[in-house]
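The structure under discussion appears below in the form of structure tokens.
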Amino acid sequence: MSKKISRRTFLKLFGAGSAATALTVAGCKNGQTNAAVDEYKKQVEPPVGKMTYRTNPNNNDKVSILGYGMMRLPSKTENSDDFDQEMINRQVDYAIEHGINYFDTSPVYCQGKSEACTGIALSRHQRSEYFVATKLSNFNPETQTREASLAMYHNSMKQLQVDYIDYYLLHAIGGGMDEFNRRYVDNGMMDFLMEERKAGRVRNLGFSFHGKKSVFDEVLAMHNKYHWDFVQIELNYLDWDFANEINDRNVDASYLYAELQKKGIPAVIMEPLLGGRLANLPQYLVNELKQRDPEHSVASWAFRYAGTPKGVLTVLSGMTYMEHLKDNLLTYCPLNPLTPEEQKYLETDIARKIVGLENIPCNDCKYCMPCPYGIDIPAIFIHYNKCKNEGTLPTDQRDENYARLRRQYLIGLDRVVPRMRQASHCIQCGQCEPHCPQNIRIPRELKMIDEFVERLKQGDDLQHALANKRSEKREGIK
């Protein structure tokens, strides 16, 4: 056996099996097994000291190009709000060890527990080792008064166990200027935050954007008054030119980024994977990307794309599992920027094929949750998209596999979404729709899926009826 084994060769030879077992079966003695496993680990473990950094032009902060999004934290059990603080600590430790120094959270993430979990993990490190970002997430009318907004701001400090916030954002502006003024201007919060910035308790003040182009333009024009230090936008190779084509309520990332560049405002990037959609592509697209670069994951293409523009300060990723963290670190330690040819390939060829899938653009952010009637909106959309991407959506009754695919879809839906939480129980109240960052017309899409599922179920009933008739006929012959 050669002294070195490449990551590609190792994975090709041994797949997902136990490394030690596979190498032993291959004829390696114990010493050789350990050496090979150690060599493999050295080559696939992210290197320490190789992180790529970007410098904030406003204050010379040296920020890791990979930022840790604390929106999807690991849980101990299937109960999604039973967060595993020990694992969170381990992953934060590993991230800091490998050069990540930007951590992004919000008072509303993880059922309101993200800031506290983040604070516990980060407080075990020197304050100079990390930048923490959080948000004024006063979406609900009862949190938009001055008193409630101030309480949210001060509680963020308490939960994060800090006496200043490095990057503070007005959370998800874009719904309308009336809403913007109500949340931040009329209640005096903008004046307050500007004073906090002067006092050093807010080091950088910015906003995150989801919504109308007119709102983005108007708020960005306030730069002369508020001096935005950074702006958080959604940027990936699908949204670069196709965000508006997919949903006419959205704005192309190419426009958002260019406008920030004109004013010299650093961009913080969210949704580089579109909630995982760009990591879970249809197999024929996976094969196409792997053919060009078999050594790296499909997700790495999207992360390299998001990190390539020079005006990007950091790229946020919600890394629930250690595997996610390690794979992203391999991409950014160091970042190998895309060539112009690779950028064009993603923006035109791959993106155009994804647009052709016509999926529901759900990122599983859960901003629409909880539904007052218990509907599991993201799970319903994700199941539909998954089957569509895999080519297993039962749409053509003339297909010889239709009956099998229909049964597979319905059983799969029941497994991931309890029946009382499925689309059939949606009353079209519309409370979810204003909260969707992707501007999905949620009630309309749920109605479409409900009608689709009902057609499948009627087909199932028809098959049962035909089977019963055949059975009765056989009984009559006897």
Could I get the full list of ring pair (Phe, Tyr, Trp, His ring centres under 6.0 Å) partners for Tyr130, not counting sequence neighbours?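 In terms of ring pair (Phe, Tyr, Trp, His ring centres under 6.0 Å), with neighbours along the sequence ignored, Tyr130 is linked to no residue.
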
Taking only residues two or more places apart in sequence or in another chain, which ones pass ring pair (Phe, Tyr, Trp, His ring centres under 6.0 Å) with Tyr409? His383, Phe452

Supply the atom-to-atom distance [X] [atom1] to [Y] [atom2], rounded to the nearest 0.5 angstrom.
X	Y	atom1	atom2	value
Asn247	Cys436	CG	SG	8.0 Å
Ile120	Phe83	CD1	CZ	12.0 Å
Leu193	Arg201	CG	CZ	11.0 Å
Ile233	Tyr255	CD1	OH	12.0 Å

Without hydrogens or angle criteria, can the side chains of [X] and [Y] be said to hold a donor-acceptor pair below 3.5 Å?
X	Y	value
Ser64	Asn101	yes
Ser156	Glu115	yes
Tyr345	Glu288	yes
Asn59	Asn204	yes
Thr134	Ser106	no
Glu196	Tyr153	yes
Ser75	Asp84	no

What verdict does the side chain to side chain donor-acceptor pair (under 3.5 Å) test give for Ser149 and Gln144, after you've listed the backbone C-alpha separation in whole Å, the side-chain angles of each residue and the deciding distance to 0.1 Å? CA-CA 6 Å; Ser149 295; Gln144 292 170 7; over 6 Å; no

If I compare all heavy atoms of [X] with all of [Y], which pair ends up nearest, and what's the gap?
X	Y	value
Leu136	Tyr184	O-OH, 3.3 Å
Asn236	Pro272	CB-O, 3.4 Å
Cys362	Asn385	N-ND2, 4.4 Å
Ala306	Val312	O-CG2, 3.5 Å

Output yes when a side-chain donor or acceptor of [X] lies under 3.5 Å from a complementary backbone atom of [Y], and no otherwise.
X	Y	answer
Thr118	Ser114	yes
Thr55	Asn60	no
Gln85	Cys117	yes
Asn155	Ala151	no
Glu218	Val215	no

Between Phe103 and Leu122, is any pair of side-chain heavy atoms under 4.5 Å apart?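 Side-chain contact under 4.5 Å: yes.
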
Quick one: does Leu235's side chain get under 4.5 Å of Trp240's, heavy atoms only?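 Yes, their side chains come closer than 4.5 Å.
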
Could you list the residues that satisfy side-chain contact (heavy atoms from CB on, under 4.5 Å) with Asn287, not counting sequence neighbours? Gln283

Parallel, tilted or perpendicular: which one describes the rings of Phe139 and His171, with boundaries at 30° and 60°?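 Ring orientation of Phe139 relative to His171: tilted.
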
For [X], which residues count as a salt bridge (Lys or Arg N to Asp or Glu O under 4.0 Å) partner, sequence neighbours excluded?
X	value
Lys212	none
Lys198	Glu195
Glu347	none

Among pairs that include at least one residue of [range], which meet salt bridge (Lys or Arg N to Asp or Glu O under 4.0 Å), considering only residues two or more places apart or in two chains?
range	answer
residues 50-67	Asp61-Arg203
residues 313-326	Glu45-Lys326
residues 151-163	none
residues 242-253	Glu245-Arg352, Asp248-Arg441, Arg249-Glu433

Can we call the ring centroids of Tyr68 and Tyr102 under 6.0 Å apart? no

Around atom [atom1] of [X], are there more than 12 heavy atoms of other residues, nucleotides or ligands at under 6.0 Å?
X	atom1	answer
Glu86	CD	no
Glu341	CD	yes
Lys386	NZ	no

Closer than 4.0 angstrom, basic N to acidic O: yes or no for [X] and [Y]?
X	Y	value
Glu342	Arg292	no
Lys263	Glu259	no
Asp364	Arg277	no
Lys344	Asp349	no

For Gln291, enumerate each residue passing the side chain to side chain donor-acceptor pair (under 3.5 Å) test, keeping only those at least two apart in sequence or located in another chain.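 Gln291: no side chain to side chain donor-acceptor pair (under 3.5 Å) contacts found.
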
Quiz item: cation-pi between Arg127 and Tyr164, 6.0 Å / 45°: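 Geometry flag: set, cation within 6.0 Å and 45°.
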
Given the rule in the side chain to side chain donor-acceptor pair (under 3.5 Å) test, do His125 and Asp93 qualify, once you have shown the distances and angles that lead to the verdict? CA-CA 8 Å; His125 295 268; Asp93 293 349; 2.6 Å; yes

Which residue in the set Asn328, Asp104, Asp327 passes side-chain hydrogen bond (donor to acceptor under 3.5 Å, both in side chains) when paired with Ser317? Asn328

Pairs touching residues 195-221 that satisfy ring pair (Phe, Tyr, Trp, His ring centres under 6.0 Å), sequence neighbours left out: Phe207-Trp228, Phe209-Phe216

